[in-house]
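Only this structure's heavy atoms are used, side chains among them; waters, hydrogens and symmetry mates stay out.
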Amino acid sequence: MFLQFKEQVTSILDDAIRSAGFEIGDLILEPSPHADIASRVAFKLASKVKQNPKEIAEKIAAAVVIPDGSYVGKIEVTGPYLNITASRRYVDETFVRIRSEKKDFGGGFRTGSIVMEHTSANPNGPLHVGHIRNSVIGDTLTRILKRAGYDVEAQYYVNDMGRQIAIVAWALSQFEFDTAKKSDHAIADVYIKANADLEEHPEKVAGIDRRMQLVESGDEATIESFDKAVSLAISGIRETLLRMNVHHDSFVNESDFIRSGAVSSIVGEIKATGRTEIDKGALVVDLLDYGFKKTLVIQRSDGTSLYTTRDLAYHEWKGKRAERMIDVLGADHKLISGQLKATLNAIGKPEPDIVIFEFVSLPEGSMSTRRGKFITSDELFDQIEEQAYREVEKRRPEMPDEFKRQVAKVVGMGAVRYDIVKVSPEKSTVFDWKTALDFEKQGAPFIQYSNARACSILKKAEDDRIWNPGTEVDPSVLVEDTEVALIKKMALFDKVIDQSARELKPHIFAIYARELADAFNQFYRFVPVISAEEEDLRTNRLALVDCARIVLGNALDTLGIGAPEAM
RNA sequence: GGUCCCGUGGCUUAGCCAGGAUAUAGCAUCGGGCUUCUAACCCGAGGGUCAAGGGUUCGAAUCCCUUCGGGAUCGCCA
């Protein structure tokens with residue numbers, strides 16, 4: 001709704017600026033604490049036409065013509081600012097739209113196809129608390145983009161033939177595999193042992209190299225040993241992802257691009273640009289004109305491919321599959337992803353948009369699967385669920401255990417996802433148990449609780465036979481500040497989806513969801529619903545609670561967080 | 001050493017790309033509010049040299065330069 005409001009403001013101001021005798025440019029419209037939307041256009045015009053910005057704003061305001069039925073209520077001048085307030089019609093229509101569009105409210109304004117790649121952790125162990133930052137950002141972005149209207153395919157790119165996997169495959173033949181453990185955890189155990197062994201006996205590294213050559217040349221037995229290792233790790237990883245409510249539409253194997261010939265053909269294309277040369281036996285690409293001082297190795301001296309080489313082929317394939325590609329990658333990929341884009345550009349292929357997130361480290365230093373220095377996501381989830389159980393126990397001791405377990409699950413995972421997604425990806429963070437298990441009051445549980453409250457009010461009203469979701473309503477009786485503020489907050493849904501989709505910043509949406517819950521809670525505290533004296537008012541307040549339930553539900557769904565009806 | 005990201009009240013954090021109206025919220029602290037729709041809530045208070053210094057500008061948390069601190073990275077790992 002806000003997007004339409006903004007469009008109308010733009011059109012009205014454009015006309016006013018022109019008729020006031022100025023040239024239109026960027027209106028610099030943004031929400032403001034002083035109005036529903038404010039424009040600083042007078043500042044910009046001031047320097048251009050060398051007039052007082054305050055006078056310019058006044059001239060523009062004087063020329064404003066608001067058409068009948070507009071979402072724009074009034075445009076006022078405060079100093080050099082143009083403060084625009086929405087009309088009652090905007091409020092009423094938002095209310096009506098939410099009730100008719102329900103799950104679809106606030107979205108569907110974009111078209112196009114996107115391949116989103118996220119998580120893509122190496123199958124050499126379980127997802128640790130750093131990996132899931134990738135998963136949560138990627139999955140939330142996918143949900144945001146889908147709401148915006150895009151057709152999004154989420155992919156997990158599986159490294160099934162890199163050095164790490166060669167080590168895992170070898171490790172499985174050397175060390176005992178603990179079948180009692182979750183398979184990805186057991187894979188990490190042997191992988192860590194193998195790395196320690198290789199460090200102690202460097203002469204064994206040649207065996208790993210040999211395996212990599214064999215797998216690339218198509219040796220059946222080697223391929224089988226790699227596949228076995230990968231599937232053990234991936235099945236455990238998938239379980240973890242499922243638990244987090246993170247969804248991938250497909251898992252794509254690196255090896256597919258070797259076997260299809262795509263890798264050798266893209267290497268051929270790169271060679272044809274004349275950018276390649278042999279350096280100490282390895283094939284390298286010169287990207288100096290793209291600002292990379294060092295060359296990029298795309299083939300080892302033994303002729304085998306590297307991650308980067310296969311990744312180029314993967315992106316070529318993705319580029320044909322969708323109009324746009326987005327990769328969510330850790331900060332360690334900054335350089336390599338830049339080189340990847342440059343190389344794709346050099347051979348005339350579409351490039352991905354890269355979303356980089358900074359690292360999650362431990363108080364004692366950075367995490368490493370190889371050295372066994374990491375905290376697994378499974379461990380975190382178990383702990384947080386237990387903590388959540390204690391919180392439920394404290395508040396709803398009378399409820400059956402089944403209820404408490406169920407709520408603890410949803411609330412615990414919501415808290416994890418929210419804590420990750422609410423901070424902007426470019427901040428590096430340090431994981432510590434105390435903070436991770438501290439249920440921040442205004443995190444996911446706060447939003448879930450607001451939703452549960454709305455559900456509970458509606459349920460009680462239905463039981464009391466004073467509410468029926470199909471009832472005709474008239475929102476014009478909702479005039480309290482908290483009522484209008486709640487409706488206007490809900491109207492912002494599309495604007496926030498649009499902004500986070502455009503900027504690929506899920507934390508913007510996360511913050512909005514919290515503000516939405518905040519607006520609902522203020523309404524809840526300020527005005528009685530079920531006990532409202534007048535029937536018409538009560539019915540419309542109930543309908544407003546229903547709206548809030550719908551929009552809070554949509555917000556939680558967009559965050560991939562469960563929305564329990566009671567907690 | 002080169003390059004990139006970050007540095008905002010005790011702690012976490014928004015705003016920075018597109019410079020302007022009293023710098024955003026939460027946690028923690030202090031005070032108030034449940035005979036009334038779930039208090040995982042609401043209302044209020046205190047708390048800030050926006051890392052430091054310089055520059056651009058009528059105006060800088062925001063742009064530029066320098067320094068300091070933290071993170072990432074610098075070819076045959078991914």
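- Between B:G46 and B:U3, the distance separating the two C1' atoms is 44 Å to the nearest Å.
- Closest to the A:Arg310 side chain, of the nucleotides B:A14, B:U36, B:A78, is B:A78.
- A:Arg300 has a side-chain polar atom (N or O) that falls below the 4.0 Å cut-off from OP1 or OP2 of B:A78.
- Residue A:Asn83 is classed as a base contact, given a heavy-atom separation below 4.0 Å to a base.
- Per the geometry, CZ belonging to A:Phe526 stands 18 Å off C1' belonging to B:A39, to the nearest Å.
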### Message
Is there a salt bridge (Lys or Arg N to Asp or Glu O under 4.0 Å) between A:Glu426 and A:Lys505? Walk through the geometry before answering.
### Response
CA-CA 10 Å; A:Glu426 62 265 20; A:Lys505 287 179 176 171; 5.3 Å; no
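- Comparing atom distances between the A:Ser428 side chain and each of B:A25, B:G71, B:C74 picks out B:G71 as nearest.
- Between A:Phe292 atom CZ and B:G75 atom P there is a gap of 14 Å when expressed in whole angstrom units.
- Phosphate contact (OP1/OP2 of B:A78, side-chain N/O of A:Tyr157, threshold under 4.0 Å): absent.
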### Query
Can you check salt bridge (Lys or Arg N to Asp or Glu O under 4.0 Å) on A:Asp463 and A:Lys460, steps first, answer last?
CA-CA 5 Å; A:Asp463 291 348; A:Lys460 184 167 195 305; over 6 Å; no
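- Phosphate proximity of B:A40 to A:Arg395: present, with a side-chain N or O under 4.0 Å from OP1 or OP2.
- When the P atom is compared between B:A61 and B:G9, the two are found 14 Å apart, to the nearest whole Å.
- When heavy atoms are screened at a 4.0 angstrom cut-off, A:Glu565 is found touching base atoms of the nucleic acid.
- Residue-level contact check: A:Arg396 touches the bases, meaning some heavy atom is under 4.0 Å from a base atom.
- A sub-4.0 Å separation between OP1 or OP2 of B:U36 and a side-chain N or O of A:Ser531 is absent.
- In terms of phosphate contacts, A:Tyr449 brings a side-chain nitrogen or oxygen within less than 4.0 Å of OP1 or OP2 of B:A40.
- An aromatic stack links A:Tyr81 and the base of B:A21, using centre distance under 5.5 Å and interplanar angle under 30°.
- Regarding contacts with the backbone of B:G20, a side-chain N or O of A:Arg40 is found under 4.0 angstrom from either OP1 or OP2.
- As rounded to whole Å, 14 Å separates atom C1' of B:C37 from atom CD of A:Glu533.
- When rounded to the nearest whole Å, the span between CG of A:Asp160 and C1' of B:A78 equals 13 Å.
- Contact of A:Asn521 with B:A39 (side chain to base): no donor-acceptor pair of N or O atoms is detected under 3.5 Å.
- Which of B:A72, B:A14, B:G75 sits closest to the side chain of A:Phe359 comes down to B:A72.
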Please tabulate the protein-to-nucleotide N/O contacts below 3.5 Å involving nucleotides 58-62 of chain B, giving atom names and distances.
none

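- At B:A39, one or more side-chain N or O atoms of A:Arg453 fall inside 4.0 Å of OP1 or OP2 (strictly under the cut-off).
- With C1' as the reference atom, B:A14 and B:G48 are 15 Å apart, rounded to whole Å.
- Close to B:A14, at under 4.0 Å from its OP1 or OP2, lies a side-chain N or O of A:Ser424.
- Rounded to the nearest Å, the gap between the P atom of B:C5 and that of B:U62 is 16 Å.
- The base of B:A21 is paired with the side chain of A:Ser32 by a donor and an acceptor separated by under 3.5 Å.
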Shorter than 3.5 Å, N or O on both sides, protein versus nucleotides 43-48 of chain B: list them out with atom names.
| residue | atom | partner | partner atom | Å |
| --- | --- | --- | --- | --- |
| B:C43 | OP1 | A:Gln522 | NE2 | 3.4 |

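- Between A:His131 and the phosphate of B:A78, there is no side-chain N or O to OP1/OP2 separation shorter than 4.0 Å.
- Residue A:Thr295 places a side-chain atom within donor-acceptor reach of the base of B:G75, judged by atom type and a 3.5 Å distance cut-off alone.
- Close to B:G7, at under 4.0 Å from its OP1 or OP2, lies a side-chain N or O of A:Lys427.
- Contacts of A:Val285 with the nucleic acid, taken as non-hydrogen atoms under 4.0 Å apart, are absent.
- Summarising the geometry, atom CZ belonging to A:Arg390 is positioned 8.0 Å from atom CG belonging to A:Leu437; distances are rounded to the nearest 0.5 Å.
- A:Lys294 comes within 4.0 angstrom of the backbone, heavy atoms only, and of no base.
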